[in-house]
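These values consider heavy atoms only, across backbone and side chains, with no hydrogens, waters or symmetry-generated copies.
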Amino acid sequence: MKWIDTYEIVDALLEYHPEINPEKILFTDLMNLVFNLKGFDDELEKCNERILEAIQALWIEELD
């Protein structure tokens, strides 16, 4: 997975971190969660606020 694989990332977050409320998570924490997901293989430096916003928004949407 890469940072741009938003749907795959959200699926993994839903599977491995169902206890986390995506509406309350800090971007620094979200970045670390994604970076440490099994199968994630991208550079931390490629992450930005726009990517994290997209991941968070999709994660919230998937929970609704």
Side-chain angles (χ1 to χ4, degrees):
M1 263 182 294
K2 304 289 184 193
W3 287 110
I4 60 169
D5 299 322
T6 311
Y7 288 96
E8 288 179 57
I9 289 169
V10 170
D11 284 343
L13 289 169
L14 287 166
E15 180 179 348
Y16 295 113
H17 300 288
E19 75 286 356
I20 294 177
N21 180 349
E23 294 179 1
K24 306 278 185 192
I25 194 165
L26 299 173
F27 278 168
T28 52
D29 295 336
L30 177 56
M31 182 178 60
N32 288 324
L33 279 179
V34 173
F35 190 73
N36 291 303
L37 283 172
K38 182 179 179 182
F40 187 80
D41 183 33
D42 206 349
E43 297 173 23
L44 194 57
E45 296 79 26
K46 291 183 179 179
C47 181
N48 61 46
E49 189 171 333
R50 188 170 149 234
I51 289 170
L52 294 171
E53 286 174 349
I55 293 168
Q56 183 184 37
L58 183 59
W59 193 2
I60 291 167
E61 182 180 316
E62 289 295 315
L63 286 176
D64 289 340

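Residues D41 and M1 are not in side-chain contact: their nearest non-hydrogen atoms beyond the backbone lie 4.5 Å or more apart.
For the atom pair I9 CD1 and Q56 CD, the distance stands at 13.5 Å (nearest 0.5 Å). Taking NE2 from H17 and CG from N36, the interatomic distance works out to 8.0 Å, rounded to the nearest 0.5 Å.
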Anything under 3.5 Å between a donor and an acceptor, one on a side chain of residues 18-32, the other on a protein residue two or more places apart or in another chain? List them.
unit_1, atom_1, unit_2, atom_2, d
N21, OD1, E23, N, 2.9
N32, ND2, T28, O, 3.1

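Criterion: ILVMFWY side-chain heavy atoms under 4.5 Å apart, direct or through other members. Under it, L33 and Y7 are part of a common hydrophobic cluster.
Legend: ring pair (Phe, Tyr, Trp, His ring centres under 6.0 Å) pairs involving residues 30-54, not counting sequence neighbours, sorted by first then second residue: W3-F40.
For K46, the salt bridge (charged side-chain N to carboxylate O under 4.0 Å, His left out) partners are D42, not counting sequence neighbours. Every residue two or more places apart in sequence or in another chain was checked for a ring-ring contact (aromatic ring centres under 6.0 Å, His included) with W59, and none qualifies. By the salt bridge (charged side-chain N to carboxylate O under 4.0 Å, His left out) test, D5 pairs with no residue at all, sequence neighbours left out. The ring-ring contact (aromatic ring centres under 6.0 Å, His included) test applied to Y16 returns no partner, not counting sequence neighbours.
Annotation for I60: atom CD1 counts as buried by contact number, over 12 foreign heavy atoms lying within 6.0 Å.
Between L63 and L14 the shortest heavy-atom distance is CD2-CD2, 3.6 Å.
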